[in-house]
Amino acid sequence: MKKVISVTLATVMALSLAGCTGSVDSGSSTTTAATADTSATAGESTDSSGSTAAAGDTIKIGVLTDRSSAAAATVTWAEAGAILALNEANEEGGLNGTPFELVYRDTASDSSNVAQKATELVNEGCIAILGPKSDGEAPTGATWAEENKFPMVTPCTMNTRVTVENASRYMFACGFVGWPIAKMNAKYAADQGYTSAFFIGNDGGASGDTRDFFYRELGEGFENMGSNQVSSNSTEFSTIISSVVGKDPDVIIGAVAGPNFVSLVNQGSQFGLWDMCDYLGWYTCDSTNTSALAEAGNYPYGKVHGVDLWPFWLDEIEGNAEFVQAYSDIGKEYYNAEILPSDMGYTWYVGIKAIVEAARTTAGDLSPEAMTDALCNVHFSTLYGDDLYFRDFDHLMAHAYYYVTAIEDTTGKWSIPVGETYAVYEGADMLPTKEEVQEYCQEQGYTFTDLSNR
């Protein structure tokens, strides 16, 4: 008999708690990690390397993290990605021999904390900030960045309204974006011949984007059979699932992750939901979504499709196995936790990598204006995509997107789902064009700000 939901959620929370209380190897001189300084507020650190660094001994990068809210359950996976990028940078010699360092502040996913925590990072001497973590905090982060003329790179999933109404020369986004997720889900739905959908998502703006632009792409002939948005803390979906079963849509459009997703899948299995329809979303093969479900034998293999950024299962990518192992080793070393690949970890990885690569192009001047200019022009590659950069007019990062179906690994190598690739898309092809954004702004009554002119 399959394990009940309380067990799978307990597994997720146990890993996350281990991550929030993990220790640091203070013997490492060129890496930093997330550990609490006993003189600081719980979950924060002013020097996370294990030994106090004098001014000039390190190049500091600020990180707005979340270790104390309900959403902190998956922060271990995120922070590990940032540390991985930092380790790589320092193994390459840092910045002309000076190592980089991560300095953390906990916002608890509360936008009211963003300004204070970001200011503290500036006062610590950071050259740029990775964060905020959530799309609910992103508008506050963008406002703070604009008012303080200080560069921020957010790994959160962005919605279009934020990128338009809170556009700032100093704000950059390296995470998922709601509009291209919607476009890719719509392409898949059209190819499969679906004609109706029901939406289940959290209450974030990016979640709503994945619904609204999905229907926008498919046009009026595609039937919207209902929509429910829940808080990111919700674990009860039985009433929503009963409604979905009664309406019998062709497919579910999903915008939930982590404990949300675990709860939805478990309860959907109890009601026979996955026998009736498939699920389209993102974080399809992300371990923060899939680990507990796979362990309990409850993952609906072959029924979940969507967007991934980190195709960790593709052994034909040179260096992939080593990259995955390094990420996993960070979980064990810094957090005393077993972690597997996570798209969120990858977005934090590319966010830190973007800051590092920008700093290297302006090594003689790391002032906020110089770093902002450098981020506007930075170009770099990863194992999974060539030429990552921030678009000039909206500062969204153009990723490579892998659209996959989550299937069971028959080789025995992976305990979580791997992806059967349906298509690989270039970010520049999936992100909305400037003309599409301008048209959308005109329709919605928003003011379009072209950041390439600022």
Indicate yes or no for a side-chain donor-acceptor contact from Asn228 to the backbone of Ile200 under 3.5 Å, with no hydrogens or angles considered.
no
For Lys434, all residues meeting salt bridge (charged side-chain N to carboxylate O under 4.0 Å, His left out), sequence neighbours excluded
Asp450
Taking only residues two or more places apart in sequence, or in another chain, which ones meet Thr140 in a side-chain contact (heavy atoms from CB on, under 4.5 Å)?
Ser111, Val114
Give the C-alpha distance, both sets of side-chain angles, the deciding distance and a yes or no for side-chain hydrogen bond (donor to acceptor under 3.5 Å, both in side chains) between Arg169 and Thr372.
CA-CA 8 Å; Arg169 160 176 158 75; Thr372 300; 5.0 Å; no
So, Tyr402 versus Trp310, ring centres under 6.0 angstrom or not?
no
Just to verify, what does Arg161 make a side-chain contact (heavy atoms from CB on, under 4.5 Å) with, not counting sequence neighbours?
Asn159, Glu165, Tyr446
Once rounded to the nearest 0.5 Å, what's the spacing between atom CG of Leu121 and atom CD of Gln116?
10.5 Å
Do you know the tightest heavy-atom contact between Ile339 and Ala80?
CD1-CB, 3.5 Å
Nearest heavy atoms of Asp135 and Ala206, plus distance in Å:
OD2-N, 3.2 Å
Looking at every non-hydrogen atom in both residues, tell me the closest pair between Thr154 and Pro132 and how far apart they are.
OG1-O, 2.7 Å
Distance from Arg67 atom CZ to Arg105 atom CZ, nearest 0.5 Å?
10.0 Å
Taking atom CD as the centre, does Glu318 end up with more than 12 heavy-atom neighbours from other residues, nucleotides or ligands that are less than 6.0 angstrom away?
no
side-chain hydrogen bond (donor to acceptor under 3.5 Å, both in side chains) for Asp329 and Gln325? Distances and angles first, verdict last.
CA-CA 6 Å; Asp329 288 346; Gln325 187 62 54; 2.8 Å; yes
Gap separating the OH atom of Tyr188 from the OH atom of Tyr422, nearest 0.5 angstrom
6.5 Å
Can you confirm whether more than 12 heavy atoms, excluding those of Glu426, are under 6.0 Å from its CD atom?
no
Just to verify, which of Ile317, Val424, Leu309 counts as forming a side chain to side chain contact (heavy atoms under 4.5 Å, CB included) with Tyr384?
Ile317
What side-chain donor-acceptor pairs closer than 3.5 Å can you find for residues 413-420, not counting sequence neighbours?
from: Lys413; atom 1: NZ; to: Asp315; atom 2: OD1; distance (Å): 2.8

Applying the side-chain hydrogen bond (donor to acceptor under 3.5 Å, both in side chains) criterion to Tyr403, which one of Asn185, Thr421, Asp308 satisfies it?
Asn185
Can you name the nearest heavy-atom pair linking Trp179 to Glu436, along with the distance?
CH2-O, 3.8 Å
Taking only Lys NZ, Arg NE, NH1 and NH2, and the carboxylate oxygens of Asp or Glu, determine whether Glu146 and Arg454 approach each other closer than 4.0 Å.
yes
With under 30° as parallel and over 60° as perpendicular, where do the rings of Phe393 and Phe448 fit, or are they tilted in between?
tilted
Check whether more than 12 heavy atoms from other residues, nucleotides or ligands sit under 6.0 Å from atom CG of Asp365, and answer yes or no.
yes
Sidechain N-carboxylate O distance under 4.0 Å for Glu369, Lys149
no
Aromatic contact, Tyr283 with Phe176 (centres under 6.0 Å):
yes
Taking all non-hydrogen atoms of both residues into account, name the closest pair between Asp57 and Thr98 and its distance.
O-CG2, 3.7 Å
Angle class for the Tyr440/Phe213 ring planes (parallel below 30°, perpendicular above 60°, tilted otherwise)?
tilted
Under the salt bridge (charged side-chain N to carboxylate O under 4.0 Å, His left out) test, residues paired with Arg391 that sit two or more places apart
Asp394
Using the side-chain contact (heavy atoms from CB on, under 4.5 Å) criterion, which residues pair with Ser109? Sequence neighbours excluded.
Asp66, Ser69, Ala71, Ser134, Glu137
